[in-house]
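Letters A, B, ... are given to chains in the order of the sequence lines, protein chains preceding strands, and every chain is numbered from 1. It should be emphasised that the depicted structure is a prediction, and the values quoted were computed from it without experimental measurement.
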2 protein chains.
Amino acid sequence: MDKTGISMTDTPRSGRSSEATREKLTRAAAELIAELGWGRVTTRAVAERAGVPHGAVSYHFRGKQELLIESCLAAFAQAVPFEEYAAKATLDDVVGLIGSEIDHGLHRDAVLGRLMFEAIREAERDEGLRERMGAMVTEYRKVLVAVVRAEQERGAISATISAEGVATLVTAIGDGLFLHALLDPDLDVSEALGTLRVLLATR
Amino acid sequence: MDKTGISMTDTPRSGRSSEATREKLTRAAAELIAELGWGRVTTRAVAERAGVPHGAVSYHFRGKQELLIESCLAAFAQAVPFEEYAAKATLDDVVGLIGSEIDHGLHRDAVLGRLMFEAIREAERDEGLRERMGAMVTEYRKVLVAVVRAEQERGAISATISAEGVATLVTAIGDGLFLHALLDPDLDVSEALGTLRVLLATR
DNA sequence: ACACGAGTTGGCCATCTGGACAAGTCAAAT
DNA sequence: ATTTGACTTGTCCAGATGGCCAACTCGTGT
């Protein structure tokens with residue numbers, strides 16, 4: 001059939017059944033980054049959790065770093081709910097979405113939030129990762145700006161406030177609150193978000 | 001004689017000249033945690049940067065983890081400007097302080113902010129570290145609550161808003177903004193903080 | 001039947017890592 | 001002067017780690 005078909009990206013040429021192994025590896029890697037932290041992940045541990053021999057890593061990826069980067073970017077691309085945010089017409093809904101994501105992320109087995117922090121930290125050490133992560137967050141913020149602008153046109157938020165400023169604030173609050181909630185499970189996230197709603201309401 | 005050289009209080013008995021070596025080690029460890037991430041720090045790298053032989057680590061600390069934990073807690077205890085915050089009578093001043101700390105933290109050689117994130121992530125894996133870090137953040141938030149209450153009595157902030165909620169929000173915004181600024185150096189932090197000031201102003 | 005080659009598997013190795021420890025240093029106490 | 005013990009220093013070791021690669025499997029095209 002086709003041999004030249006799928007590849008063109010990088011790594012060894014991607015064949016047919018190899019896709020399954022690659023995905024097992026990236027899934028396992030994402031979990032382990034979230035659990036152990038980027039620097040403590042070993043290729044052997046990833047292979048073991050994926051249920052494949054450790055030699056498979058060398059075949060499917062150029063090395064450990066490429067495996068880890070592809071793993072977290074794949075996890076984000078698949079999981080970040082841009083559409084959900086864009087569909088929300090009101091900031092109130094967005095704040096609610098943040099709250100439920102924090103709640104969900106506090107479960108022990110939740111990977112995405114923790115993976116996010118590890119990736120951001122690693123991005124400072126890896127040029128390519130930083131660019132890709134930065135583009136993602138920028139897009140996220142852009143969606144929020146659109147939501148804020150819509151609110152301002154509705155008159156729900158004062159038109160004199162910077163939409164970009166609000167978007168940046170809300171984005172930062174989401175991550176900051178999650179971080180602090182990880183540290184202190186008793187932190188009253190919903191009270192903070194309730195306060196945020198009040199502050200954002202028209203004056 | 002003593003084998004691991006451990007008293008029951010903590011680490012070896014604290015002598016006189018050993019304090020210098022210990023401090024060289026903790027300083028070097030804090031730097032390396034911030035630069036490489038918690039999981040990639042090695043005792044040898046710490047010793048080398050500290051300019052002491054690598055065996056010194058085993059003598060002065062029970063092991064790598066104790067060295068790292070003591071290093072970051074010492075760095076925080078010495079650097080977190082509780083007094084500065086407590087002295088600020090207005091939230092406006094506090095927001096300004098956050099801004100300048102973010103600006104300062106964005107420099108490559110700035111350790112504290114990066115160390116903070118590494119410590120929070122590690123706190124999820126280390127019970128003792130979590131408790132100590134949580135206590136620190138809680139105290140920080142408590143100071144902010146006092147500031148907010150003072151503002152409310154002055155009438156600068158509506159008395160109907162939850163002071164705890166505002167304190168939690170502001171704390172989270174500080175860390176969240178710093179995190180995003182690390183990822184995207186072009187992020188307009190001051191615009192976001194300006195917007196925050198507007199939102200916090202009396203209505 | 002046969003060769004081909006993508007994909008798989010497990011073994012190998014140079015290097016690193018954390019921790020242990022014996023021997024050495026030195027100043028204060030005796 | 002000698003002893004004592006905190007502190008230092010270099011070495012050693014068992015285990016892990018990342019990457020490499022030769023042998024193997026198996027579906028496909030000839």
Side-chain angles (χ1 to χ4, degrees), chain A residues 1-26 28-29 32-33 35-71 122 125-126, chain B residues 1-26 28-29 32-33 35-71 122 125-126:
Chain A
M1 321 286 270
D2 66 315
K3 6 182 36 87
T4 51
I6 318 165
S7 74
M8 91 171 103
T9 50
D10 44 27
T11 67
R13 50 197 82 235
S14 50
R16 297 176 301 281
S17 80
S18 81
E19 205 60 30
T21 303
R22 276 182 69 92
E23 195 173 307
K24 273 193 268 183
L25 282 171
T26 51
L32 287 172
I33 293 171
E35 288 172 25
L36 309 176
W38 195 287
R40 268 190 288 230
V41 176
T42 69
T43 56
R44 280 178 162 81
V46 173
E48 186 180 6
R49 178 162 306 195
V52 303
H54 92 271
V57 173
S58 296
Y59 181 77
H60 289 280
F61 302 88
R62 289 182 199 189
K64 182 188 175 182
Q65 191 71 352
E66 181 183 290
L67 165 62
L68 298 193
I69 290 179
E70 287 220 6
S71 298
E122 186 65 19
R125 302 169 199 121
D126 188 298
Chain B
M1 328 272 115
D2 72 328
K3 330 184 59 60
T4 44
I6 306 154
S7 78
M8 56 198 66
T9 53
D10 46 33
T11 64
R13 45 195 80 242
S14 51
R16 298 173 303 282
S17 79
S18 80
E19 206 59 30
T21 302
R22 277 182 68 91
E23 196 174 306
K24 274 193 268 182
L25 282 171
T26 51
L32 286 171
I33 293 172
E35 288 172 24
L36 309 175
W38 196 286
R40 268 190 288 232
V41 175
T42 69
T43 56
R44 281 179 161 81
V46 173
E48 185 180 7
R49 178 163 305 197
V52 304
H54 126 266
V57 173
S58 295
Y59 180 79
H60 290 279
F61 302 88
R62 291 186 204 195
K64 181 189 176 182
Q65 191 71 352
E66 181 183 290
L67 165 62
L68 298 193
I69 290 179
E70 287 220 7
S71 299
E122 185 65 18
R125 303 168 198 122
D126 188 299

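- Spacing between atom CD of Glu19(B) and atom P of dA6(D) amounts to 15 Å, rounded to whole angstrom units.
- The phosphate of dG18(C) has OP1 or OP2 within less than 4.0 Å of a side-chain N or O from Thr43(B).
- The pair Arg40(B)-Glu122(A) meets the salt-bridge criterion, with a side-chain N (NZ, NE, NH1 or NH2) lying under 4.0 Å from an Asp/Glu carboxylate O.
- Looking at heavy atoms from C-beta onward, Thr43(B) lies in side-chain contact with His54(B) at the 4.5 angstrom threshold.
- For the pair Glu66(B) and His60(B), the tightest heavy-atom approach, listed with the atom from each and the gap, is OE2-O, 4.3 Å.
- Nearest approach of Ser71(A) to Thr26(A), heavy atoms of both residues: OG-CA, 3.3 Å.
- With dT9(C), dG18(D), dG19(C) as the candidates, the nucleotide lying closest to the side chain of Lys64(B) is dG19(C).
- Atoms CZ (Arg44(A)) and C1' (dG10(C)) sit 10 Å apart, rounded to a whole Å.
- Atom CD of Glu66(A) is separated from atom P of dG18(D) by 15 Å (rounded to the nearest Å).
- Projected onto DNA chain C by closest heavy-atom contact, Gly51(A) and Ala56(B) fall at different nucleotides, the more 5' of which corresponds to Gly51(A).
- The CZ-C1' distance, from Arg40(B) to dA16(D), rounds to 17 Å in whole Å.
- Relative to the side chain of Ser58(A), the nucleotides dA20(C), dC20(D), dT8(D) differ in distance, and dC20(D) lies closest.
- Rounded to a whole Å, the NE2 atom of His60(B) is 9 Å from the P atom of dT9(D).
- Looking at the side chain of Thr42(B), the nearest of the listed nucleotides dT9(C), dG10(D), dG18(C) is dG18(C).
- To the nearest angstrom, C1' of dG19(C) lies 15 Å from CZ of Arg62(B).
- In this structure, Glu35(B) and Leu32(B) have side chains that are in contact, with non-hydrogen atoms separated by less than 4.5 Å.
- Whole-Å rounding puts the His54(A) NE2 to dG15(D) P distance at 18 Å.
- Residue Val46(B) is out of contact with every strand shown, counting any heavy-atom pair closer than 4.0 Å.
- dG24(C) atom C1' lies 14 Å from atom OH of Tyr59(B), rounded to whole Å.
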